[in-house]
Visitor: 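Can you keep this structure in mind? I'll have questions shortly.
Letters go in sequence order (proteins before strands), and every chain restarts at 1. Nothing here was measured: the structure is a model prediction, and the numbers come from that model.
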Amino acid sequence: MLWSRALIPTVKEAPADATSASHIFLTRAGYIRKVGAGMYDFLPLGVKVLKNVEAIVRREMNRAGALEVLMPQLLPGEYFKETGRWDLYGDVLFRLKDRKGGDFNLGPTHEEIITDIARREIRSYRDMPKNLYQIQTKFRDEPRPRGGLLRCREFSMKDAYSFDVDEESAKKSYEEMRVAYNKIFTQMGLNFRMVAADSGAIGGNTSAEFQVLVDSGEDAIVVCDTCDYAANVEVASAAAKPAKVSEAATTVRLADKQKVHTPGHGSIEDITKFLKVSAPEMLKSLVYVAGKDAVLVVVRGDHEVNEIRVARLLGVNEVFLASDAEVERATGAKVGFAGPVGFKGRVLVDRAASLVVNGATGANETDYHFTGVNFSRDYEGEVVDVRLAANGDLCPNCANAGKNGKLTLYKGIEAGHIFILGTKYSTAMSASFLDPAQEKKPIVMGCYGIGVSRLVATIVEQHHDAEGISWPWRIAPYHVEIVSIGKDAAVLEAATKLYADLQARGVEVLWDDRDERPGVKFKDADLIGIPLRVTVGGKGLAAGNVEVKPRTELDPKKAELVPVASAAQIIADRVHAALA
RNA sequence: CGGCGCGUAGCGCAGCCUGGUAGCGCACCUGGUUCGGGACCAGGGGGUCGGAGGUUCAAAUCCUCUCGCGCCGACCA
């Protein structure tokens, strides 16, 4: 492709609202343009990248034996009503009416529709296992789209669904997807972890997320520095053991409980400075509302409450941090002075917090704290695991085996998710089969998602520098970018020949043939991120050379000189080796 | 949904407080000089100031309503 004939609208300034690297560079480099909140145009380069991502996903799904289908995006409302998700999905579901007033929705995911296929077409145990997938546009009215392609209201997703005769067979299907997903993300050049994930309200099911490690990620995961353990902080908390505060703390004598005047020092940060204690010596006490009851949750000052686990322990769907007024009603003190000593009501104490010796905590009296507080002597409560895993915790997997692995906290972007659904949808929609004993049984399902358009952004998050994008070979819109310097006949002739010779060898080439100054072309080349740059200019040609430089090398002096005559073959060989 | 904030040229912004000719940089067009890491000079085109209503002799500016958008939080396969 000649740049002069392409549509690659690079810009110097990033959109003001962009905060993530992928949003900034994909926009600046002319891959995408915003149309509305969570809606984007894919310009020509963007489409090429998206198609490359799709191709990898499609190939590995096919290799894993999955069958591609295509379901509608516009769906009659009856399907979601059949499983109850018409109501459950709430405002996230895009709803619309047709001319006759009938209910329709845009597909946010396709369990209902695929289950409809299954109940019509799968009748015998002989018809399974089956795995059906599609790559298609999804619609979710997200409360807050953000990060460019990272969270959209309209996005491209690969969703696969497996159908098996029983749980054991379903696990095999799940396992095949796990293997396929590892191949897919590896080929995309991503640094990712498969992590144990919260299995949600449906107990006993298996679920794992594929988290790509980037600082701009929305999810928090912990990774062991010694073994291969990795988990979402929400599930890691129960098993992880906190690092010890200090040896002295465990052998020190119990101090007397004392009330201390702490005017206006409500927050953990304030109070640790004021009382000159460390955060791990604080008993952080938070009031939660579960239904009608106020519950006090106590964690160590350096820990965070795992709200999902609190809700699970209390047997409710969700809990909310109490409002200021509710806190005052429950504790008799202003926010910032709650504590377990003398609290009237249910108290959940995190295991790590219960071990704090001579701790400091709110006195349930405005402007007062207690110091020298010890569990059981000064307060009671149910000792449970209600904190999120934290940096430096001992690994629950290998610490016991004497390896002393420590957990490190990372931010992640959820790129994929695999899940054994069980019979939730097959039961709700009567998708059953006859087993060899002629018994009617519900199909056991699994579902497997990959955020395809999100991956485009995710890859940029991991493959960029200060100058722009640096695509992995298999994702890049072109393999080689030729930069011709000036308008000398010799330069044009050499570039024209190289361009043709590379194409003849199956290399995808972009030639920046614009009448621009060299600096502009180099800047744009770094911005759009083609893996290999070939500079054809008077200086090099005088010595019979072109200059070859990978995008990952920023120092132009380190470009490699390659003889013009053999350049096409050498470069083509290199490209094919990189793609092999 | 809660908190804060933003809508002025294709993009990034100033002007608003204190009402009185709508500006700057980039991009774009013309001419010239330049040409190996985002050139320079000269000239030029382009804006219902998000929308509606109100106050006023006069509104980008003040008031009311409304729509759109963003950041933080909550929520979320």
Side-chain angles (χ1 to χ4, degrees), chain A residues 9-20 23-24 27-28 30 33-39 85 88-93 107-111 138-148 150-153 155 157-161 197-202 207-211 218-219 232 234 307-308 311 317-321 323-324 413-419 421 446-452 454 466-468 483-488 491 512 514-527 533 535-542 546-547 549 554-557 559:
Chain A
T10 58
V11 290
K12 287 183 191 171
E13 282 185 282
D17 51 30
T19 51
S20 68
H23 190 188
I24 292 169
T27 303
R28 284 194 51 210
R33 288 289 184 265
K34 185 163 92 169
V35 173
M39 294 167 275
R85 291 213 290 182
L88 275 178
Y89 241 101
D91 291 336
V92 174
L93 195 65
T109 174
H110 279 69
E111 280 81 5
K138 298 283 188 259
F139 298 89
R140 294 183 193 180
D141 196 354
E142 291 284 349
R144 193 183 151 202
R146 71 182 98 179
L150 287 174
R151 179 172 294 274
C152 285
R153 295 201 285 183
F155 60 99
M157 175 171 166
K158 188 283 300 176
D159 47 326
Y161 307 88
D198 186 69
S199 53
I202 317 159
S207 164
E209 295 166 346
F210 287 78
Q211 292 277 355
E218 295 181 300
D219 295 326
N232 195 300
E234 292 160 1
E307 298 186 357
I308 291 176
N317 277 335
E318 49 186 350
V319 293
F320 301 95
L321 207 51
S323 68
D324 291 6
I413 296 173
E414 183 184 353
H417 183 225
I418 58 178
F419 200 98
L421 285 170
C447 71
Y448 318 92
I450 289 181
V452 173
R454 173 183 281 183
E467 295 298 313
V483 175
S484 55
I485 305 291
K487 288 177 284 191
D488 284 356
V491 168
D512 190 346
R514 293 174 299 170
D515 182 16
E516 287 285 357
R517 296 163 62 87
V520 173
K521 293 191 177 187
F522 290 140
K523 285 286 185 189
D524 273 347
D526 287 344
L527 190 57
R533 190 182 84 191
T535 306
V536 180
K539 279 187 187 174
L541 284 183
V546 296
E547 295 139 56
K549 185 187 82 62
L554 274 179
D555 186 353
K557 287 180 217 126

Visitor: Kindly say whether, by distance alone, the side chain of R144(A) makes a donor-acceptor pair under 3.5 Å with the base of rC76(B)?
Guide: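 Side chain to base: no pair present.
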
Visitor: Report which part of the nucleic acid G449(A) touches: base, sugar-phosphate, or nothing (heavy-atom distance under 4.0 Å, all strands).
Guide: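 Nothing: the residue G449(A), judged by heavy atoms under 4.0 Å, touches no strand.
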
Visitor: For the residue pair K523(A) and K12(A), establish whether any side-chain heavy-atom pair is separated by less than 4.5 Å.
Guide: no

Visitor: Reckon D91(A) touches a base, only the sugar-phosphate, or nothing at all at heavy-atom distances under 4.0 Å?
Guide: nothing

Visitor: Using the C1' atom as the point on both nucleotides, what is the distance between rC17(B) and rC62(B), in whole Å?
Guide: 11 Å

Visitor: If you check every side-chain atom of A37(A), which of rA77(B), rG70(B), rG38(B) has the closest atom?
Guide: rG70(B)

Visitor: Quick one: which of R28(A), R514(A), E516(A) gives a side-chain contact (heavy atoms from CB on, under 4.5 Å) with D524(A)?
Guide: R514(A)

Visitor: Would you state whether a donor and an acceptor, one from the side chain of R533(A) and one from the base of rG37(B), lie under 3.5 Å apart?
Guide: yes

Visitor: Treat primed atoms plus P, OP1 and OP2 as sugar-phosphate and everything else as base, then score nucleotides 3-13 of chain B 5' to 3': B for base contact with protein heavy atoms under 4.0 Å, S for sugar-phosphate contact only, - for none.
Guide: --------SSS

Visitor: How far does the C1' atom of rA42(B) sit from the matching atom of rG37(B), given to the nearest Å?
Guide: 27 Å

Visitor: Between the base of rG38(B) and the side chain of R28(A), is there any donor-acceptor pair under 3.5 Å?
Guide: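 Pair found.
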
Visitor: Work out how far the P atom of rC71(B) is from that of rU30(B), and round it to whole angstrom.
Guide: 38 Å

Visitor: Detail all sub-3.5 Å separations between protein N/O atoms and N/O atoms belonging to nucleotides 42-48 of chain B.
Guide:
none

